[in-house]
Amino acid sequence: MAEHDNPQHDSGRAPDAEAWDFAAIQEKWTPVWEELDPFAAGRPGDTRPRKYVLDMFPYPSGDLHMGHAEAFGFGDIVARYWRQQGFDVLHPIGWDSFGLPAENAAIKRGVDPREWTYANIAQQKASFKTYAPSFDWSRELHTSDPEYYKWNQWLFLELFKRGIAYRKEGLVNWCPNDQTVLANEQVVDGHCERCGFVVEKKSLTQWYFRVTDYADRLLDDLNQLEGNWPSKVVAMQRNWIGRSAGADVEFEIEGRDARVSVFTTRPDTLYGATFMVVAPDSDLAAELVSGASAEVRMRFQDYLEKTQAETEIDRLNSERPKTGVFLERYAVNPVNGERLPIWAADYVLADYGHGAIMAVPAHDQRDLDFARAFDLPVRVVVDTNAPVTGVIPVIHFDEDGEPILPEDAGLTNPKETGVALTGVGRVINSGPLDGLSKPNAIRRAVEHLEARGLGRAAKNYRLRDWLISRQRYWGTPIPIVHCPDCGEVAVPSEQLPVRLPDAAGLDLKPKGTSPLGAAEDWINVACPQCGGPAKRDSDTMDTFVDSSWYYLRFLNANDDDRAFDPAAAEKWAPVDQYVGGVEHAILHLLYSRFITKVLFDAGYLGFTEPFTSLLNQGMVLMDGSKMSKSKGNLVEFASELSAHGTDALRVTLAFAGPPEDDIDWADVSPTGSAKFLARAWRISGEVTSSPDVEWKGGDAALRRATHRLLADAPGLLEQFKFNVVVARLMELVNLTRKTIDSGPGAGDPAVREASEVTAMILNLFAPYTAEDMWSRLGYEPTVALVQWRKADPALLVEEQVTAIVQVNGKVRDRLEVSPKVSADELERLARGSEAALRSVGDGEIIKVVVRAPKLVNLIVR
RNA sequence: GCUCCCGUAGCCCAAUCGGCAGAGGCAGGCGGCUUAAACCCGCCAGAGUCUGGGUUCGAAUCCCAGCGGGAGCACCA
């Protein structure tokens with residue numbers, strides 16, 4: 001009997017010699033893998049097909065935390081999987097090592113930001129290595145190395161050459177704490193994304209990338225990504241770009257030669273315009289008010305100052321009452337010649353559209369709120385009660401422009417109710433547009449305007465150009481020299497990189513201008529064009545520039561001659577699988593997509609989207625909320641690692657649920673994972689058959705289970721259902737245990753086969769345990785390079801399947817049938833089922849639904 | 001306010017095409033092992049799928065409405 005062959009299990013307990021000791025196993029295999037170096041990609045002569053699996057590279061904060069463990073765990077599962085599927089997998093790692101935290105730490109503790117950063121990297125790298133990610137370390141890069149940022153500067157100059165990088169003065173987001181500007185994308189609810197301070201507005205001359213030129217492509221190419229990116233991220237990007245279609249309409253201004261354009265999405269309501277609003281901080285407002293009375297000019301000046309003092313927060317509060325100043329000027333409605341008073345109000349933004357709008361208070365809530373606040377006329381021009389087809393009611397107006405509503409129309413008067421009529425309906429009281437539906441009226445209105453040269457169809461975007469200047473030290477210097485005679489001059493490529501001056505002797509404390517400006521030796525330079533005295537640009541680049549193209553640098557991370565090799569890009573890029581947090585859904589991903597399109601246009605790349613497929617991992621929570629020191633619910637990765645080991649943590653994170661879901665650490669059980677790994681591992685030591693055993697005679701049920709898993713796992717893994725694969729592995733291990741204890745025993749070939757397959761698949765989740773199992777089963781390392789076993793189709797077919805017999809949709813009987821049973825035969829069997837017939841009773845079978853070999857449904861009346 | 005996602009056992013989660021609601025784990029109960037406990041081994045129990053309609057021979061799955069939770073956007077004309 002099996003128990004007697006293996007006296008260790010007589011008592012049902014594992015003796016100490018057979019204990020799964022994760023620490024010993026980790027120690028044993030780490031140096032072996034180091035020696036074997038199995039994860040280097042792109043070896044010369046390798047003809048395997050390629051995959052590029054990339055994790056978003058980390059900012060080197062010093063230590064790994066649970067979020068890293070999760071994200072890099074998922075990326076590693078994918079990388080290891082494709083390797084076992086026969087691909088040459090590129091899975092690199094690097095460091096997003098420029099940025100504010102280094103500088104702030106440096107200020108606080110007086111250490112050099114460079115030293116601080118590189119010490120962190122060394123520490124974090126060591127943590128990484130114990131986590132057994134299958135990285136190709138030979139391609140490791142640091143964005144703060146001159147060898148990297150040289151090419152960041154090259155990229156900047158490529159954009160500069162093409163007019164995509166440009167300098168302009170404008171109102172920018174200013175963080176008073178970090179003392180630097182922020183991109184729109186870095187302002188969250190009016191607060192600095194990084195430090196949480198309330199963001200202010202400031203007028204500065206800054207460098208921008210013309211991402212708005214790419215708005216249409218960034219939007220339209222999202223269609224390519226649909227299905228392979230989380231729909232949430234695609235939606236967020238669409239939202240952020242915020243394209244809206246409408247028309248530009250030109251209004252004459254009394255006492256002014258040039259007309260004023262406004263953008264509207266509702267040209268169908270042009271006849272309902274009763275006033276015009278301009279942004280107080282626009283040039284237009286300043287010009288228009290200059291012709292007004294002294295009193296109005298003063299009130300305007302007052303209002304303008306208040307507007308500019310407002311923080312983004314105040315402005316975001318849509319609840320607050322509408323304010324504004326009448327400018328004593330009038331516009332002329334191009335469709336009916338009516339005089340429209342012009343107001344300045346802060347609910348109109350200077351940098352969207354033309355900074356001016358036509359107000360249609362009856363059909364726009366904001367305009368209505370304003371009209372009610374200042375008692376301006378409201379004119380209904382869309383009957384939102386009218387059916388899309390049918391009779392068209394005509395509404396008449398009294399001498400004040402108030403609608404005289406027919407009693408039975410049921411239309412409410414927006415001026416009274418305060419509710420704008422924004423629904424669809426029929427255009428009324430609009431001359432030639434009367435009776436048209438919204439889309440037809442829009443089309444007709446645009447045609448009329450175009451015919452008379454007073455307007456045209458137009459699009460607008462929420463997206464703004466990307467502000468990339470930062471007034472801080474620890475970043476890539478902008479490779480531009482400002483010459484009093486030649487203006488902005490690009491640093492010649494042979495002078496790149498423009499190296500950061502030493503931090504020693506520089507005051508890094510934020511003071512609103514870049515610390516680099518104080519580096520006298522560095523800032524003063526001869527103009528590359530005329531040789532005269534000139535100054536370097538003292539700002540550094542937003543670190544999102546660094547990360548916008550780093551995926552290309554990995555292809556030839558050590559190449560001194562170019563940023564990246566187009567031939568290598570042809571071979572490896574775009575990235576097949578990108579893995580990272582949803583916090584980058586807009587920022588990094590949008591910028592990276594943008595830069596990729598620029599490089600495509602410049603002829604360097606043959607593709608326009610950098611990341612073919614995207615997986616966002618969820619967050620790791622504790623007791624339902626984000627972990628943080630202040631909440632006292634921090635789960636330290638390092639202590640979990642020493643308590644449970646790498647493998648148990650990796651399994652726990654993979655098994656917790658779908659990868660994109662948040663994981664609450666209170667709901668999961670690393671001890672449970674460890675127990676499972678120990679079970680799997682023990683079995684590998686109990687196997688008594690030798691590696692060359694014939695599988696054929698093995699236990700049929702266990703073999704079928706093994707091969708079903710081999711057949712199902714690839715599909716599950718490719719859908720990122722890691723949790724299901726782990727569950728299926730647990731199932732297989734349980735069945736193997738049962739086969740050993742109460743079946744044919746540990747010597748059965750099926751037990752060896754199951755254990756080998758367990759080790760092979762476990763390589764994805766628990767590389768140390770898998771390697772040790774592989775060794776115990778009599779093989780050489782490394783299991784990481786073992787190719788995926790093909791499921792034997794003969795073992796997948798069942799001899800008998802269970803067909804269910806339903807009566808009116810309710811299960812009444814089960815039949816054991818051949819999987820190849822014909823529909824007729826199955827129906828005959830079902831009609832003979834006693835249980836079914838009992839349920840049919842006196843009823844008449846009026847219909848039979850047969851889905852061989854799974855079910856028969858008898859419909860009885 | 002607008003848009004999107006999600007509601008399955010005490011808890012975390014499964015369930016190819018619409019076809020027997022349960023794969024797995026945690027917690028729980030019982031038994032074995034143990035002087036005892038932990039570990040380990042075995043067994044057991046537990047929901048009719050948020051609510052209400054609809055489509056269908058048949059709905060956790062599709063459609064509509066509501067409730068609950070989460071996320072994103074938000075004075076963008």
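Side chains are part of it too, since the values below use all heavy atoms of this structure and drop only hydrogens, waters and symmetry mates. Convention: sequence-line order gives letters A, B, ...; per-chain numbering from 1. Everything quoted here is computed from the prediction, not taken from an experiment.
One finds a side-chain N or O of A/K675 lying less than 4.0 angstrom from the OP1 or OP2 phosphate oxygen of B/C26. Between A/N239 and the phosphate of B/C2, there is no side-chain N or O to OP1/OP2 separation shorter than 4.0 Å. In terms of phosphate contacts, A/R708 brings no side-chain nitrogen or oxygen within less than 4.0 Å of OP1 or OP2 of B/A23. Within the structure, a side-chain polar atom (N or O) of A/S244 is placed less than 4.0 Å from OP1 or OP2 of B/A77. Contact between the side-chain N/O atoms of A/K738 and the OP1/OP2 oxygens of B/C43 is found at a separation under 4.0 Å. At the phosphate of B/C75, neither OP1 nor OP2 sits under 4.0 Å from any side-chain N or O atom of A/R462. Residue A/N723 has a polar side-chain atom (N or O) positioned under 4.0 Å from OP1 or OP2 of B/A14. Between A/K847 and the phosphate of B/C57, there is a side-chain N or O to OP1/OP2 separation shorter than 4.0 Å. Between A/K232 and B/G70 there is no side-chain N or O to OP1 or OP2 distance below 4.0 Å.
A distance of about 11 Å separates the P atoms of B/C4 and B/C64, rounded to the whole Å. Straight-line distance between the C1' atoms of B/C12 and B/U56: roughly 34 Å, to the nearest whole Å. B/C50 and B/A9 have their C1' atoms separated by 15 Å, given to the nearest Å. Here, B/U61 and B/G48 have their C1' atoms 14 Å apart, quoted to the whole Å. B/A21 and B/G46 have their P atoms separated by 16 Å, with the value rounded to a whole Å. The gap from the P atom of B/C20 to that of B/G58 amounts to 15 Å, rounded to the nearest Å. The C1' atoms of B/G32 and B/C39 are separated by 14 Å, rounded to the nearest whole Å. A gap of 30 Å separates the C1' atoms of B/U3 and B/A14, to the nearest Å.
A straight line from CZ of A/R679 to C1' of B/C39 spans 13 Å, rounded to a whole angstrom. If you take CG of A/D623 and P of B/C12, they are 13 Å apart, rounded to a whole angstrom. Look at CG on A/D281: it is 13 Å from C1' on B/C75, rounded to the nearest Å. A/N734 has its CG atom 13 Å from the P atom of B/C40, to the nearest Å. Rounding to whole angstrom units, NZ of residue A/K322 and P of B/A77 are separated by 14 Å. Computed from coordinates, the A/K854 NZ to B/C57 C1' distance equals 17 Å when rounded to whole Å. In this structure, A/H644 places its NE2 atom 14 Å from P of B/C39, rounding to the nearest Å. The CD1 atom of A/I241 sits 18 Å away from the P atom of B/G72 (whole-angstrom rounding).
Checking B/A65 for Watson-Crick or G-U wobble geometry (two distances, each under 3.5 Å) identifies B/U51 as its partner. Across the strands present, B/A38 finds no partner; the criterion is a Watson-Crick or G-U wobble pair with both atom distances under 3.5 angstrom.
The only option from A/V446, A/D248, A/L449 that meets the side chain to side chain contact (heavy atoms under 4.5 Å, CB included) definition with A/R456 turns out to be A/D248. Of the listed residues (A/T736, A/T758, A/N734), just one forms a side chain to side chain donor-acceptor pair (under 3.5 Å) with A/R679, and that residue is A/N734.
A donor-acceptor pair shorter than 3.5 Å can be found between the side chains of A/Y461 and A/D216. Side-chain atoms of A/T212 and A/D465 include a donor-acceptor pair closer than 3.5 Å. A donor and an acceptor atom, one from each side chain of A/S231 and A/E226, are nowhere located under 3.5 Å apart.
Among the protein residues, A/A656 comes within range of the sugar-phosphate backbone only, with heavy atoms under 4.0 Å from sugar or phosphate atoms but none that close to a base. Within 4.0 Å of A/V811, counting heavy atoms only, lie sugar-phosphate atoms of the nucleic acid but no base atom.
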### Task
Test side-chain contact (heavy atoms from CB on, under 4.5 Å) on A/L677 and A/F22 and set out the steps.
CA-CA 10 Å; A/L677 290 172; A/F22 67 80; over 6 Å; no
### Query
Going through the distances and angles, do A/I357 and A/M276 end up as a side-chain contact (heavy atoms from CB on, under 4.5 Å)?
CA-CA 6 Å; A/I357 62 155; A/M276 182 183 268; 5.9 Å; no
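You'll find a donor-acceptor pair under 3.5 Å spanning the side chain of A/Q806 and the base of B/G19, going by distance alone. Counting distance only, with no hydrogens placed and no angle test, the side-chain atoms of A/D667 and the base atoms of B/C12 include no donor-acceptor pair under 3.5 Å.
Here B/G48 is in the syn range [glycosidic angle within 90° of 0]. Shown here, B/C50 is classed anti by the O4'-C1'-N9-C4 or O4'-C1'-N1-C2 angle, which is more than 90° from 0.
Sequence order on RNA chain B of the closest nucleotides to A/W240 and A/V724 puts A/V724 first from the 5' end. Residue A/T802 is the one, among A/T802 and A/I586, whose nearest nucleotide of RNA chain B lies closer to the 5' end (criterion: closest heavy atom).
Taking the ring axis of A/Y347 as reference, the NZ or CZ atom of A/K322 stays within 45° of it and closer than 6.0 Å to the ring centre.
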